[in-house]
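Below you'll find the structure, written out as structure tokens, and then a few comments.
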Amino acid sequence: QVQLVESGGGLVQAGGSQRLSCAASGLSFSIYAMGWFRQAPGKEREFVSAITSSGASTDYADSVKGRFTITRENARNMVYLQMNSLKPEDTAVYYCAASYWSSNSRTERGYAHWGQGTQVTVSS
């Protein structure tokens, strides 16, 4: 059974930093791209970032480019999202997802497995 467990969320002040972690189990982690999505209150879930199976290529939403960094450790079945210069509009539940493929995808349909999410709240 595939499990994705996010951690690292919480309350942070605007301008601060936070690192989210996602621990994966039950899948051949190193052959799948991984992604982060987020859902703010009253809004649809949106793409944040993705990383290919090897980690060689990354993709970011325009709203987080230059502030967020996605990385992965295939030996530990972990994917991370380092978030810097946080803004109140980054407040959301952040979800980790495992893709169907090795290449990146920006759409939810490209992801087979999802975590339960972790709340990130940025105060102004």
- [ ] Would you please indicate if the ring centroids of W114 and F37 are separated by under 6.0 Å?
- [x] yes
- [ ] Might you work through the side chain to side chain contact (heavy atoms under 4.5 Å, CB included) test for S102 and I31, ending with a clear yes or no?
- [x] CA-CA 6 Å; S102 62; I31 69 174; 5.9 Å; no
- [ ] Starting at CZ of R19, measure out to OG1 of T69 and round the result to the nearest 0.5 Å.
- [x] 11.5 Å
TODO: Verify side chain to side chain contact (heavy atoms under 4.5 Å, CB included) between D90 and R38, making sure each step is shown before the conclusion.
DONE: CA-CA 9 Å; D90 294 318; R38 67 186 181 185; 2.9 Å; yes
Open item on the list: With rounding to the nearest 0.5 angstrom, report the OH to CH2 distance, Y80 to W36.
Closed with: 10.5 Å
- [ ] Please assess L4 against M34 for the test side chain to side chain contact (heavy atoms under 4.5 Å, CB included), listing each intermediate value before the final yes or no.
- [x] CA-CA 11 Å; L4 301 175; M34 297 294 293; 4.1 Å; yes
TODO: Answer yes if V64 and Y95 sit in the same cluster of Ile, Leu, Val, Met, Phe, Trp and Tyr residues linked by side chain heavy atoms under 4.5 Å apart, and no otherwise.
DONE: no
Name each donor-acceptor pair under 3.5 Å that joins a side chain in residues 47-62 to protein atoms two or more places apart or in another chain, with its distance.
residue, atom, partner, partner atom, Å
S49, OG, D59, O, 2.9
T52, OG1, A56, N, 3.4
T52, OG1, S57, N, 3.1
T52, OG1, S57, O, 3.3
S54, OG, A56, N, 3.2
D59, OD1, R106, NH2, 2.9
D59, OD2, R106, NE, 2.6
Y60, OH, I70, N, 2.9
D62, OD1, K65, NZ, 3.4

Open item on the list: Are V122 and Y94 connected into the same hydrophobic cluster when the rule is that any two of I, L, V, M, F, W, Y join if their side-chain heavy atoms are below 4.5 Å apart?
Closed with: yes
Open item on the list: Hydrophobic cluster membership, with links at side-chain heavy-atom distances under 4.5 Å among I/L/V/M/F/W/Y: are V2 and Y100 in one?
Closed with: no
Open item on the list: Evaluate T91 against Q119 for side chain to side chain contact (heavy atoms under 4.5 Å, CB included), listing each step before the verdict.
Closed with: CA-CA 8 Å; T91 295; Q119 176 71 46; 4.0 Å; yes
Open item on the list: If hydrophobic clusters are built from ILVMFWY residues whose side chains come within less than 4.5 Å, do L81 and V93 share one?
Closed with: no
Open item on the list: Closer than 3.5 angstrom, by distance alone: can the side chain of Q116 be matched with the main-chain N or O of V5 as a donor-acceptor pair?
Closed with: no
- [ ] Please answer whether the main-chain N or O of S7 pairs with a side-chain N or O of T118 as donor and acceptor at a distance below 3.5 Å.
- [x] no
- [ ] Measure the OH-NE2 distance between Y32 and H113 for me, rounded to the nearest 0.5 Å.
- [x] 7.0 Å
